[in-house]
2 protein chains.
Amino acid sequence: MNTDQDLKPQVKRKRGRPPKEVGGRGVTRECLVRKGIELLTAHGYASTGIDKVLKAVGVPKGSFYHYFSSKDDFGRAVIDGYGAFFAAKLDKWLLDETSAPLQRLRNFVDDAKAGMERYEFRRGCLIGNMGQELGGTHDVFRGQLEAVFLDWQSRIENCLIAAQDAGEISSNADCAELAAYFWIGWEGAILRAKLVRSTRPLDLFTNAFFQGLPTKG
Amino acid sequence: MNTDQDLKPQVKRKRGRPPKEVGGRGVTRECLVRKGIELLTAHGYASTGIDKVLKAVGVPKGSFYHYFSSKDDFGRAVIDGYGAFFAAKLDKWLLDETSAPLQRLRNFVDDAKAGMERYEFRRGCLIGNMGQELGGTHDVFRGQLEAVFLDWQSRIENCLIAAQDAGEISSNADCAELAAYFWIGWEGAILRAKLVRSTRPLDLFTNAFFQGLPTKG
DNA sequence: TTATTATTAGACCGATCGTCTATTAAATGT
DNA sequence: ACATTTAATAGACGATCGGTCTAATAATAA
């Protein structure tokens, strides 16, 4: 994994505007954001230098400040990119009509768990990481990160409402609250899973979550 | 709050070993660790430079590397200091025989909640912060941070066992697992509380936690 | 053809980290 | 009393790195 096959050509370029690459239209910016997601998730915002991202993608420094006005601006783009990427992943699982609603949620959880294992519990969730690192100090990021959580949360909420409609959980259940509870515990479990390098915290939380859901009534 | 009344004298000092301060015996190191706890909790490990700590305490750089061999060494001392400080806080509440076991846990939670509010949800928990920031990459810190969690966890576990003995919760309950679950959710709630600058996530989690405890049977 | 825009190359400044030497007071030994 | 060793501080230093800025040049539009 991560064989760096998706980066810009490492060929030595001349200065100035480069000759028009047929396939490459705005590819650079997207590559930067993609690498940013990868590196910020793994090492955090403060610890990840611009240079690291640039070197990993094979793009010179000058380009960076053409596409982004500052590191913060880049950070915002990275958060948006990750938020959208993960929202799509949520939809993929939670809107899958071939499974019952609660099973969809389980499927998502299993997929996310597999992702944690695949990266050896080194990355976790970019939004959780940046929230922890910058939520207390950086107001702009704080609002943006919370907005991403609310977006994800509403997708879980909709899935729980579907479960209600399907009679899987009680019609009295407060799905919005349960969805909020889900993300609180899930992010806490990811943090702990990084420390113990195991899915145990994830299993512990999700088992309790599903078991605690109000049964039909 | 934080009126900086607890730092070393800012007076211009001469070089060389300073005259023996009557009260001050090894005070410098302790001051550094204390400020370290404060600054690392607020801004994270990577973002907090040695110089910031030194300036805040009014100690020159030369002293730092007399007491600590490196920044990592300092980080370890800070983690230990915070771990011990918080363990004492836990004991203060959880071993308070004047309340029933579960009430002790509620008291601790209320106190921690008040602490979050006092700092306007800007700091959170040093162990959670550093775990998020470095748990995935820094092996030494990772082990140390997990050890702190296990220590805190055992204190919660003991309190839950006392609750069992008092008949407050079921004798079938797995107190070790419940204690692990408590910290997973609590840390997740802190993270979220920083983002929304409100105790709601903390309330949401703790209410669910207490309500989900297996009733006596 | 000329002007403008997009994109790159890399210099630049300041901050940070950790080391190093010099300095001086206390503690210790004789 | 004196010499020696140890504890603790002052602060300069070099290497590195992060973020910003200027100059250069090809594509594009007027």
Side-chain angles (χ1 to χ4, degrees), chain A residues 7-33 35-36 39-40 43-78 133-134 138 141, chain B residues 7-33 35-36 39-40 43-78 134 138:
Chain A
L7 38 82
K8 297 221 65 181
Q10 294 278 13
V11 295
K12 205 56 180 170
R13 271 171 300 197
K14 287 187 295 186
R15 337 182 102 191
R17 183 169 186 168
K20 177 175 155 189
E21 285 178 44
V22 268
R25 207 68 174 116
V27 174
T28 302
R29 195 192 136 99
E30 203 187 314
C31 283
L32 289 172
V33 170
K35 259 293 177 242
L39 295 179
L40 293 205
H43 304 116
Y45 182 72
S47 296
T48 306
I50 307 284
D51 285 339
K52 291 273 170 55
V53 182
L54 293 167
K55 187 167 290 182
V57 179
V59 160
K61 202 165 203 173
S63 300
F64 184 87
Y65 285 91
H66 173 66
Y67 293 107
F68 307 99
S69 66
S70 68
K71 192 188 184 186
D72 274 18
D73 187 36
F74 179 61
R76 286 191 289 273
V78 169
E133 185 182 355
L134 305 163
H138 196 299
F141 282 159
Chain B
L7 38 82
K8 297 222 65 180
Q10 294 277 12
V11 295
K12 208 56 180 171
R13 271 170 297 198
K14 290 187 292 186
R15 334 185 103 190
R17 184 171 186 169
K20 178 174 156 189
E21 285 177 44
V22 268
R25 207 68 174 116
V27 174
T28 301
R29 195 193 135 100
E30 203 187 313
C31 283
L32 288 172
V33 171
K35 259 293 178 247
L39 294 179
L40 293 204
H43 307 295
Y45 182 72
S47 297
T48 306
I50 307 282
D51 286 339
K52 289 273 169 56
V53 182
L54 292 168
K55 187 167 289 182
V57 178
V59 160
K61 200 164 206 174
S63 299
F64 185 87
Y65 286 90
H66 173 66
Y67 293 107
F68 307 100
S69 66
S70 66
K71 191 186 184 187
D72 274 17
D73 187 35
F74 178 62
R76 286 190 290 273
V78 168
L134 305 163
H138 198 297

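- One atom, NZ of B:Lys55, and another, P of C:dA15, lie 9 Å apart when rounded to the nearest Å.
- Regarding A:Phe74, its CZ atom lies at a distance of 13 Å from the P atom of D:dT20, rounded to whole Å.
- Listed by chain and number, the residues in a ring-ring contact (aromatic ring centres under 6.0 Å, His included) with A:His138 are A:Phe141 (sequence neighbours excluded).
- Phosphate contact (OP1/OP2 of C:dT8, side-chain N/O of A:Tyr67, threshold under 4.0 Å): present.
- Across its full length, the helix from C:dT1-D:dA30 to C:dT30-D:dA1 shows an angle of 0° between the axes of its 5 terminal pairs at either end, rounded to 10 degrees.
- For A:Glu133 (side chain) and B:Gly44 (main-chain N/O), no donor-acceptor pair under 3.5 Å exists by modelled atom type.
- Rounding to whole angstrom units, CZ of residue B:Phe68 and P of D:dA8 are separated by 12 Å.
- The shortest distance between the side-chain N/O atoms of B:His66 and the OP1/OP2 oxygens of D:dT9 is not below 4.0 Å.
- With values rounded to the nearest 0.5 angstrom, A:Phe74 atom CZ is found 9.0 Å from A:Arg29 atom CZ.
- A:Leu54 places its CG atom 16 Å from the P atom of C:dT7, with the value rounded to the nearest Å.
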- Item | B:Phe64/B:Val57 under side chain to side chain contact (heavy atoms under 4.5 Å, CB included): CA gap, chis, key distance, verdict | CA-CA 11 Å; B:Phe64 185 87; B:Val57 178; over 6 Å; no

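- Interatomic distance, OG1 of A:Thr28 versus CD of A:Glu30, reported as 10.0 Å (0.5 Å rounding).
- Using a 4.5 Å heavy-atom cutoff, the side chains of B:Phe68 and B:Val78 are not in contact.
- Using a 4.0 Å heavy-atom criterion, one finds that B:Ser70 contacts no nucleic acid atom at all.
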What pairs of nitrogen or oxygen atoms, one from the protein and one from nucleotides 13-18 of chain D, lie under 3.5 Å apart?
| residue | atom | partner | partner atom | Å |
| --- | --- | --- | --- | --- |
| D:dG18 | OP2 | A:Asp51 | OD2 | 3.4 |

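- As rounded to whole Å, 14 Å separates atom P of C:dA6 from atom CZ of A:Arg29.
- Contact check, B:Tyr65 against C:dG18: a side-chain N or O comes under 4.0 Å of OP1 or OP2.
- The separation between A:Phe64 atom CZ and C:dG10 atom P is 19 Å, rounded to whole Å.
- Straight-line distance from the CG atom of A:Asp73 to the P atom of D:dT20: 10 Å, rounded to whole Å.
- In this structure, the side chain to side chain contact (heavy atoms under 4.5 Å, CB included) partners of A:Thr48, at least two apart in sequence or on a different chain, are A:Leu39, A:Leu40, A:His43, A:Val53.
- In terms of phosphate contacts, A:Ser63 brings a side-chain nitrogen or oxygen within less than 4.0 Å of OP1 or OP2 of C:dT8.
- Sequence neighbours left out, the pairs with a member in residues 56-72 of chain A that pass salt bridge (Lys or Arg N to Asp or Glu O under 4.0 Å) are A:Asp51-A:Lys61.
- The side-chain heavy atoms of A:Leu54 and A:Leu32, taken from C-beta on, include a pair separated by under 4.5 Å.
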